[in-house]
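Just so it is clear, the model here is predicted, and its values are computed rather than measured.
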Amino acid sequence: MMAKIMIVDDAAFMRMMLRTMLIEEGHEIIAEAANGLEAVSTYLSSKPDLVTMDITMPELDGVGAVKEIRKADPSARIIMCSAMGQKAMVVDAITAGAKDFVVKPFQKERVMESVNKVLGL
């Protein structure tokens with residue numbers, strides 16, 4: 001199954017890395033956002049099957065964005081992306097409704113395992 005995915009990260013190179021991995025696996029990137037506020041409005045207009053969400057971002061962090069998106073769409077499927085040592089924030093994100101998390105720097109196998117798990121593949 002090819003999923004429509006939205007990538008949210010304030011670092012353009014991280015978005016590019018994820019985009020490349022996901023496209024290589026046959027998924028479609030339908031939207032990108034550089035901060036949490038942008039993520040919420042873009043999610044609502046593009047309705048992706050899955051979101052990869054950075055935790056630390058300007059304007060609205062990933063945890064806040066997850067809460068807003070899940071409020072608007074309780075079935076939203078979101079994978080958190082975090083740097084090492086953000087365990088407490090990851091727990092907050094999962095509590096807020098994220099389905100899984102992957103740690104940066106990204107390892108393709110782990111990213112795809114998470115994507116497949118969250119999509120139920």
- Cluster link I79 to V63, ILVMFWY, side chain under 4.5 Å: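 I79 and V63: separate clusters.
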- For E24, check side-chain hydrogen bond (donor to acceptor under 3.5 Å, both in side chains) against everything at least two apart and list the hits.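 E24: side-chain hydrogen bond (donor to acceptor under 3.5 Å, both in side chains) contacts with K108.
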What residues, two or more places apart in sequence or in another chain, satisfy side chain to side chain contact (heavy atoms under 4.5 Å, CB included) together with [X]?
| X | result |
| --- | --- |
| V103 | S82, M84, F101 |
| D10 | D54, M57, P58 |
| E28 | M2, K4, I30 |

- Task: Could you tell me whether the side chain of H27 reaches within less than 4.5 Å of the side chain of L119, counting heavy atoms only?
- Result: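 Yes, their side chains come closer than 4.5 Å.
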- Pick out which of I55, V102, V8 makes a side-chain contact (heavy atoms from CB on, under 4.5 Å) with C81.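 Of the listed residues I55, V102, V8, the side-chain contact (heavy atoms from CB on, under 4.5 Å) partner of C81 is V102.
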- Message: For residues 78-97, which residue pairs pass the salt bridge (charged side-chain N to carboxylate O under 4.0 Å, His left out) check, not counting sequence neighbours?
- Response: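 Output for this query is empty, none listed.
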- Within residues 37-47 or reaching into it, pairs that qualify as side chain to side chain donor-acceptor pair (under 3.5 Å) - sequence neighbours excluded: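 Qualifying pairs, neighbours excluded: Y43-D73.
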- If you measure from CD on E109 to CE on M21, what distance do you get to the nearest 0.5 Å?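 Interatomic distance, E109 CD to M21 CE, rounded to 0.5 Å: 10.5 Å.
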- Output the distance between atom CG (L22) and atom OG1 (T20), rounded to the nearest 0.5 Å.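 Taking CG in L22 and OG1 in T20, the distance rounds to 9.0 Å.
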- Please assess M89 against V91 for the test side-chain contact (heavy atoms from CB on, under 4.5 Å), listing each intermediate value before the final yes or no. CA-CA 5 Å; M89 290 174 103; V91 171; over 6 Å; no
- Task: Examine distances only and state if a side-chain atom of R19 and a backbone atom of I29 form a donor-acceptor pair shorter than 3.5 Å.
- Result: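 Flag not set: sc R19 to bb I29 has no pair under 3.5 Å.
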